[in-house]
Amino acid sequence: MTRVDTFMSAPDDRGRFGEFGGRFVAEALMPACLELETAFIEAWSDPVFLDEYHTVLREFGGRPTPVTPLRRLSALLGIELYAKREDLAHTGSHKINNVVGQTLLTKRMGKTRVIAETGAGQHGVATATAAARLGLDCTVYMGEVDTKRQELNVFRMELLGATVVPVSSGSRTLKDAVNEAMREWVTCVKDTHYCLGSVMGPHPFPWMVREMQSIVGHEASQQLVDLNVGTPDAVVACVGGGSNAAGIFAGFANSTARLIGIEAAGGSAVGLGSPGVLHGMRSLLIQDEFGQIEEAHSISAGLDYPGIGPEHAHLAATGRAEYYPIGDEDVLSALQLLSEMEGIIPALETAHAVAWIVQEVGKSIPRGSSVLLNLSGRGDKDVAQVRSILRAGA
Amino acid sequence: MTRVDTFMSAPDDRGRFGEFGGRFVAEALMPACLELETAFIEAWSDPVFLDEYHTVLREFGGRPTPVTPLRRLSALLGIELYAKREDLAHTGSHKINNVVGQTLLTKRMGKTRVIAETGAGQHGVATATAAARLGLDCTVYMGEVDTKRQELNVFRMELLGATVVPVSSGSRTLKDAVNEAMREWVTCVKDTHYCLGSVMGPHPFPWMVREMQSIVGHEASQQLVDLNVGTPDAVVACVGGGSNAAGIFAGFANSTARLIGIEAAGGSAVGLGSPGVLHGMRSLLIQDEFGQIEEAHSISAGLDYPGIGPEHAHLAATGRAEYYPIGDEDVLSALQLLSEMEGIIPALETAHAVAWIVQEVGKSIPRGSSVLLNLSGRGDKDVAQVRSILRAGA
Amino acid sequence: MKSLETQLRTLRASGRKALVPYFVAGLTPDWLHYVDAAIHGGADVIEIGIPFSDPMMDGVVIQEAAMRSLARGTTLDSACSDLRSLTSSVPLVAMTYYNIIHHYGLLKAAGALRAAHVTGAIIPDLTLEESGEWVHCCASDDVANIFLTAPSTDEDRVAKIANVCEGFSYASARMAVTGKSTDEGDAHRVVDTIRAATDIPIYVGIGITTPGQAQEVSSYADGVIVGSALVQQILSGATPQDIEATIRSFRQALDQS
Amino acid sequence: MKSLETQLRTLRASGRKALVPYFVAGLTPDWLHYVDAAIHGGADVIEIGIPFSDPMMDGVVIQEAAMRSLARGTTLDSACSDLRSLTSSVPLVAMTYYNIIHHYGLLKAAGALRAAHVTGAIIPDLTLEESGEWVHCCASDDVANIFLTAPSTDEDRVAKIANVCEGFSYASARMAVTGKSTDEGDAHRVVDTIRAATDIPIYVGIGITTPGQAQEVSSYADGVIVGSALVQQILSGATPQDIEATIRSFRQALDQS
Ligand SMILES: Cc1ncc(COP(=O)(O)O)c(C=O)c1O
Ligand SMILES: Cc1ncc(COP(=O)(O)O)c(C=O)c1O
């Protein structure tokens, strides 16, 4: 099968990927979105900026992260399985790539403050981290339910000098944290950048975040060449908003590799959703018959989002990427399997991708295939939760 | 000041560094110690083994870890401060370097099982990790007090397939976990390697572990050259058993850099100790007037050890390295400072080294100095503890 | 020209400052009584909020009201069907988020609104750039597209927005979501900028809470929109009579300006 | 030849199998009564454990006893001073960890032991390679250096150890720390290997718990060391009379072999 060479290039002028994307925000935010678009386009073609971005990711962020051959699991499954180790990046996931880029851009735009939304706290901790490094003020919006579930991440952000604002509206989780951050951004857009955490939101965010995450895929494709694997048969990543998936897909978009995104069954915007408009973008959303957004449900806070980035909606629509759901039960055993066989405790989010691979080997993943797993984050943040679930189940 | 070129070379035949080191173990363990010495010497000069060790550390362990210029803290303090980022290594500290080496050696010796002691759980998790990767059986001895304080690390080890044995003898902490591991080793020495976690124990452990950690110093010295720093004025590391310090010192032993090890005030074997014999080695130990070993006391479990590696005792005796204590109070504010200024939450152990630097700038560290901090581990394991201390104090 | 705009231009020509209270459709079973009371009290246009699960441009008061209304089962259809029972001829303007009409179908939504005598629509998250299709759908149904202009909107954009805005121009008094405030914010500057670009009636909203503010604002604007202040009253248990009294006090303040 | 070895060779020549019970110095205020009782019961040598905070080669029973004794304030000095009050002529052998005598001063420690009528010393963490200085210190004081040989010790090492071992050779019955066991473990093989290298008396210890075991072992060894079994009894509240009875049962078993 040959692929055309146009996947994952820039969106159109309105920020559309096919019929998805665009900009649906308060007029008060439009100037900021336009300013950001211009600033990003300039910065992203400025060698000085790019050099700083890459230098910070190398010296501070721990890049490049390695690709690890998962030898024991490969032998068990009868495939050649490789993991791109975003768990080794600073703060424990791919999130750092995006926040390093966006905070540098914040400084370049002459802004002195960032705000961010966070679900479980990963993006919030990453943002607070990158902001601390540059001495930017940082406020993180987090659903009240999540601040309680993830007290330690709240404290981590505070240690990093950030202010965490519990959001008590709506379902008091990630979706509402985004709403609240957008509301807040309206009031302070002059000196404040909204450091969005995934490939979502109004243009240019989905594109910009994908670009800032594409370092994952570009590194990985070269590393697989160095490992004599070449182009893998499949690239598999979990999908919440879709930033780690977009990042790794970007390195293989114009290759023959199957691109596979794994959603939480209870937050599967591709499986359960329909086109809609939320958080500044037109994408696939889980909504009721009246267009009211529904709450997503997943064991993993990072996949607990009723939407998906617009570019993924487009990749799904065109068939260039495939998206499948995985239920909570399979996730836990996948997490245990990877831990025991390879000495890597993955994040619950990542474990979705592992679970799908385990399930599909011998089915849609023929034995002998080479598969690249994006190991988007480490499971340290999740062990308390996993422990209490396993204890309760035992 | 010129230095002679003999620091941190191999110990003598009996495993002595000056008057420290040696082998003080049950006769039952002597053959294993001798076997290990031979195996290590062979492996460590075998390019195939070394290549595997380096490959695993690169592909799996996340090496090389970067050196990060700490720009904001440097500006604040008026020095040039750099951090060697062992917090970015797999499992979150330098401990992985040692366990990767020792587990590979275990396999090479034809043994199928490792045992280890652990205090807070860092070395236990690292050992379980490296053992999982190779499919080795793994049992970790951990003081009962510590298994309760560090439940999540116990669970982490279990996830990684290890068995954790709570040790209820003595003070039920790290020192007793070592005793118990040694007792256990006697019974299974044939198929089991004791994967000791620091530069301590009977010969060849102190030497072998230092060699396996010296990659930290060798990387760092080259990285400082690449950053145009050259030889730093001082290299500062925290010291529990002394493995991260030994690792980074090894890269600068024969340079003009001051080598500075920071102990917990309540576990300062150099400051409070006297020569003695424990855990297979002659070194400096905190002991009472009758030679009974005293319990160390530190806010950080990883420094909560009444001894120090014998090579450090020797470096202290010769004056090549300096050792200073830091009290618990200063550690917390140093942890907060590094987090807020640089976006890196260090381990409590590491924060001792940070605290000392902050305290000494303008005193024994003249302004304008270049200082390399060994950032031995990340603070994620400690945030719950730090939070409850800060809350209690507020 | 859409009929709403013709009406509002006539109103302005008469020298009367427009008073536009905002109500959340379906907030209470008797929510239309509040609308009636407002009309009795002297409202010139009624803005009807059709609730959305994720009201990104609303402050806590209207969020709370939206959640209560949704919990009562309010939908675009139920709101329209309620509105059809209104007998007054005071113009109605709907306010909702884009996903509601996007999901309903744009053309169908415009028709449903119009059938409920709604002659204008405010979709605060529908940017100028994305509005083409909706503008097109509204055209056939005589529903006016009302756009907001914010203090951050530059002259160029003000002009472009003015170009497509129908009925009235919604001048946002401040960089904020809906909610209560005590000053006029940036309203004067925003109104002047819009005025330089168009002669459409200009109404100021976002944070207009007191008759005093309303009076001040109406010295340069053609009308005021009062939202959270009223919704807050209703949430706190006010009766339609209370609302009528509030509206009367705004009416008096505007008439004295 | 150290006097201990002379005595033990004579004992062996007499055809009597040596019975060596182990007691923890200072475990109870009346600990010497247990020693006396053992002597009455037929012990040939008494092994006295001087407690150390980190008894790496001891199992749970002796660990527990050591902790209790330390909590009572036992020191090398207090142990020696207690021992000086013993009147029996049965040889005494000290067992302790190297740090205790290292800290005390090797020469001084040897002197203190000898002054307390201790004529042998077992330092289980003092390897052959590290033992030179201590061996030297003991020489002048007629304290015999007793070394352990383990099942893992190869022939070469057995020979080297045999070369410097004085008094008796301590054959470890198994790869384990002190504690209770029910079989003879590797004792036969270890004894044979040592025997091939030296004609010093060879006593078997580590896990000898029952008279039956003792009898079996004594068919090839010259004596047995009984530790944890006795200490366990004392920890459980046994009286000196109880201990005497236990010792008698071992004595009988050995005498019948
Ligand atoms: C480790 C990890 N993986 C994946 C995700 C999902 O986000 P995204 O789909 O944007 O990569 C998260 C979000 O918190 C995460 O922490
Ligand atoms: C992060 C970290 N640093 C330092 C230490 C102290 O050990 P060492 O002195 O062997 O480096 C530990 C021990 O657990 C640790 O976890």
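Sequence lines set the chain letters: A, B, ... in the order given, protein chains first and strands last, and positions in each chain run from 1.
- Looking at B:A384, both its backbone and its side chain come within 4.5 Å of chain A, counting heavy atoms on both sides.
- Here A:L390 contributes atom CG and B:E158 contributes atom CD; the two are 10.5 Å apart, rounded to the nearest 0.5 Å.
- Looking at B:R63, neither its backbone nor its side chain comes within 4.5 Å of chain A, counting heavy atoms on both sides.
- With a threshold of 4.5 angstrom between heavy atoms, B:V56 does not approach chain A through any atom at all.
- Only the side chain of A:L227 comes within contact range of chain B, with at least one heavy atom under 4.5 Å from a heavy atom of that chain.
- The two residues B:G62 and A:P66 make their nearest non-hydrogen contact at CA-CG, 4.1 Å.
- Between B:E340 and A:L159, every side-chain heavy-atom pair lies at or beyond the 4.5 Å cut-off.
- Only the side chain of B:R72 has a heavy atom closer than 4.5 Å to any heavy atom of chain A.
- The two residues B:S339 and A:A132 come nearest to each other via the heavy atoms O-CB, 3.7 Å.
- The choice from A:E342, A:Q223, A:R58 that makes the most heavy-atom pairs within less than 4.5 Å of chain B is A:E342.
- Of the two parts of B:L134, only the backbone, made up of N, CA, C and O, holds a non-hydrogen atom closer than 4.5 Å to a non-hydrogen atom of chain A.
- If you take CD1 on B:I96 and CG on A:L88, they are separated by 9.5 Å, rounding to the nearest 0.5 Å.
- With a 4.5 Å cut-off on non-hydrogen atoms, B:V67 touches chain A through its backbone but not through its side chain.
- Residues A:R156 and B:D380 are paired through a salt bridge, judged by an N-O separation under 4.0 Å between the basic side chain and the carboxylate.
- If you measure heavy-atom distances from B:A89 to chain A, the contacts under 4.5 Å come from the backbone alone.
- At least one side-chain heavy atom of B:R133 sits under 4.5 Å from a side-chain heavy atom of A:R71.
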Legend entry - Trace of the side chain to side chain donor-acceptor pair (under 3.5 Å) decision for B:H90 with A:R85: CA-CA 10 Å; B:H90 186 38; A:R85 297 291 300 283; 3.1 Å; yes

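- Residue B:L335 touches chain A through its side chain alone, counting heavy-atom pairs closer than 4.5 Å.
- Residue contact with chain A, scored on non-hydrogen atoms closer than 4.5 Å, involves the backbone and the side chain of B:E151 alike.
- Nearest approach of B:V383 to A:F155, heavy atoms of both residues: O-CE2, 3.5 Å.
- Options B:T65, B:D87, B:I344 differ in how many heavy-atom pairs under 4.5 Å they form with chain A, and the most are formed by B:I344.
- Atoms CZ and OG1, on A:R378 and B:T91 in that order, are 10.0 Å from each other to the nearest 0.5 Å.
- Taking 4.5 Å as the limit, every side-chain heavy atom of B:E59 sits out of range of all side-chain heavy atoms of A:Y82.
- For A:V386, the parts lying near chain B are the backbone and the side chain together; criterion is any non-hydrogen pair under 4.5 Å.
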